[in-house]
Amino acid sequence: AIRRGECFAALVGGVNLDLHQAKFDLNSAGGSFSRDGVCRSFGKGADGYVSGEGVGAFLLKRLDQAITDGDNIHGVIKSDAVRHSGRTSGYTVPGPQSQSKLILKALQRADIDARSIGYIEAHGTATDLGDAIEIAGLTRAYQEYGVAKQSCPIGSVKTNIGHLEAASGVVGMQKVLLQMKHRTLVPSLHSAELNEGIDFAGSHFYVQQRVEEWATRTLEGVRFPRRAGISAIGAG
């Protein structure tokens, strides 16, 4: 709406509160929850998600307007993309081909090279199948850009605070912006032993497992600002 000139600025955000036992009963009956209450995104033994509560919000403006107004600018959204997977094998199972096309669309709209992206904040819902499909979709998209194997760190804030559902995208972006501000990549927890069903060695990604400086990237003599991608998947 901002890009189309329909509004000048927008407050966007998400809220997730678990206020009724029925929600827990439904997810428990469906086998969605981690049995021991630990979120193991991309880790061995990932068997379900951990619910979390939270709220987050951002003020969005056009970049030139934010500069004119003297705002504190924490990041620039280069592009976004939305897609439906169509029918898959289950309610919580994404489609790798659709996910790959979605990521390619976002990269093409942004007109950036995937090799310049220094971090991916993943959906990382912490299920064996879901995590593997997410990596497969990302890998197919990154192949188009000739990204080196195991060159891009990936992680999920869900390992810290659980799955905030309606607010999960907001807190994922908050994590990315805080890492940019402090120029630091932080660990994705509970992943010391990786999910054996994911071929990380054959992918372009590795799970961030320690605190380290987030260095800028240089391609063909051009130095780029810190860039990240946020991958999200909706149930159903």
Side-chain angles (χ1 to χ4, degrees), residues 1-12 58-69 71-86 94-124 133-157 168-181 183-185 203-206 208 213-234:
I2 293 172
R3 286 173 177 151
R4 290 193 296 265
E6 295 172 356
C7 67
F8 166 80
L11 280 168
V12 299
F58 299 98
L59 174 63
L60 302 186
K61 285 185 180 179
R62 282 204 339 249
L63 178 59
D64 59 350
Q65 188 64 54
I67 292 170
T68 299
D69 293 343
D71 292 331
N72 292 319
I73 301 169
H74 297 282
V76 177
I77 299 173
K78 299 289 287 183
S79 74
D80 62 281
V82 180
R83 190 180 181 91
H84 198 290
S85 287
Q97 291 182 333
S98 293
Q99 201 66 12
S100 172
K101 291 176 181 177
L102 173 72
I103 296 155
L104 280 172
K105 182 191 286 187
L107 288 166
Q108 290 161 0
R109 282 182 176 176
D111 192 25
I112 63 175
D113 191 319
R115 294 176 298 168
S116 69
I117 296 175
Y119 176 74
I120 293 289
E121 174 62 16
H123 182 75
I133 289 174
E134 184 173 14
I135 293 295
L138 284 160
T139 296
R140 289 184 185 185
Y142 267 51
Q143 284 173 346
E144 300 289 324
Y145 291 86
V147 179
K149 296 291 176 65
Q150 292 192 295
S151 63
C152 183
I154 192 168
S156 175
V157 73
S168 61
V170 172
V171 294
M173 185 178 282
Q174 287 175 330
K175 176 185 172 182
V176 165
L177 294 175
L178 284 167
Q179 288 186 135
M180 286 181 171
K181 177 181 179 179
R183 303 177 182 182
T184 302
L185 294 171
S203 79
H204 310 285
F205 308 96
Y206 65 90
Q208 185 67 30
E213 178 189 359
W214 184 350
T216 56
R217 298 203 167 193
T218 301
L219 296 178
E220 299 168 1
V222 178
R223 185 181 181 187
F224 292 91
R226 289 170 184 83
R227 288 176 168 171
I230 298 176
S231 169
I233 297 166

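Keep in mind that what you see is a predicted model, and the values were worked out from it rather than measured.
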* To do: Please list all pairs passing the side-chain hydrogen bond (donor to acceptor under 3.5 Å, both in side chains) test where one or both residues lie in residues 214-226, with sequence neighbours left out.
  => Thr216-Arg223
* Student check: side-chain heavy atoms of Gln174 and Val171 closer than 4.5 Å -> yes
* Step by step, work out the side-chain contact (heavy atoms from CB on, under 4.5 Å) result for Ser231 and Gln99. => CA-CA 9 Å; Ser231 169; Gln99 201 66 12; 3.8 Å; yes
* To do: Indicate yes or no: at least one non-hydrogen side-chain atom of His74 is less than 4.5 angstrom from one of Met180.
  => no
* Please report the closest heavy-atom contact between Ser79 and Ala106, naming both atoms and the distance. => OG-O, 2.6 Å
* Structure fact -> The side chain to side chain contact (heavy atoms under 4.5 Å, CB included) partner of Val12 among Val170, Leu60, Leu59 is Leu60
* To do: Decide yes or no for Tyr145 and Ile117: does some side-chain heavy atom of the first lie under 4.5 Å from some side-chain heavy atom of the second?
  => no
* Heavy-atom count around Gln97 CD within 6.0 Å, excluding the residue itself: above 12? -> no
* With a 4.5 Å limit on heavy-atom distance, are the side chains of Ile154 and Leu138 in contact? -> yes
* **Heavy-atom side-chain proximity of Pro153 to Tyr206 below 4.5 angstrom** => yes
* Enclosure of Arg183 CZ (heavy-atom neighbours >12, cutoff 6.0 Å) -> no
* Asked: How long is the gap from OG on Ser203 to NZ on Lys149, to the nearest 0.5 Å?
  -> 8.0 Å
* **Exercise: identify the closest heavy-atom pair between Gly124 and Ser156** => O-OG, 3.7 Å
* Quick check: does any side chain N or O of Thr68 sit under 3.5 Å from a backbone N or O of Asp64, one acting as donor and the other as acceptor? -> yes
* Structure fact -> Rounded to the nearest 0.5 angstrom, the CD1-CD1 distance for Ile120 and Ile135 is 9.0 Å
* Donor-acceptor contact below 3.5 Å, side chain His204 vs main chain Val147 -> yes
* **CG (Leu63) with more than 12 external heavy atoms under 6.0 Å** => yes
* **Ile112 vs Phe224 side-chain heavy atoms within contact, under 4.5 Å** => no
* To do: Among Ile67, Ile73, Asp69, Ile2, find the residue that satisfies the side chain to side chain contact (heavy atoms under 4.5 Å, CB included) test when tested with Lys61.
  => Asp69
* Structure fact -> Between Lys78 and Ala110, the two heavy atoms sitting closest are CB-CB, 3.7 Å
* To do: Apply the side chain to side chain contact (heavy atoms under 4.5 Å, CB included) test between Val176 and each candidate in Lys181, Glu121, Arg227; give the one that qualifies.
  => Glu121
* For Ile133 against Gly95, the heavy-atom pair lying closest together -> CG2-C, 4.2 Å
* To do: Decide side-chain contact (heavy atoms from CB on, under 4.5 Å) for Leu107 and Glu144; before the verdict, give the C-alpha distance in whole Å, the side-chain angles of both, and the deciding distance to 0.1 Å.
  => CA-CA 11 Å; Leu107 288 166; Glu144 300 289 324; over 6 Å; no
* Asked: Mind checking whether Tyr119 and Lys175 have side chains closer than 4.5 Å, heavy atoms only?
  -> yes
* Taking C-beta and beyond as the side chain, do Lys105 and Leu102 meet within less than 4.5 Å on heavy atoms? -> no
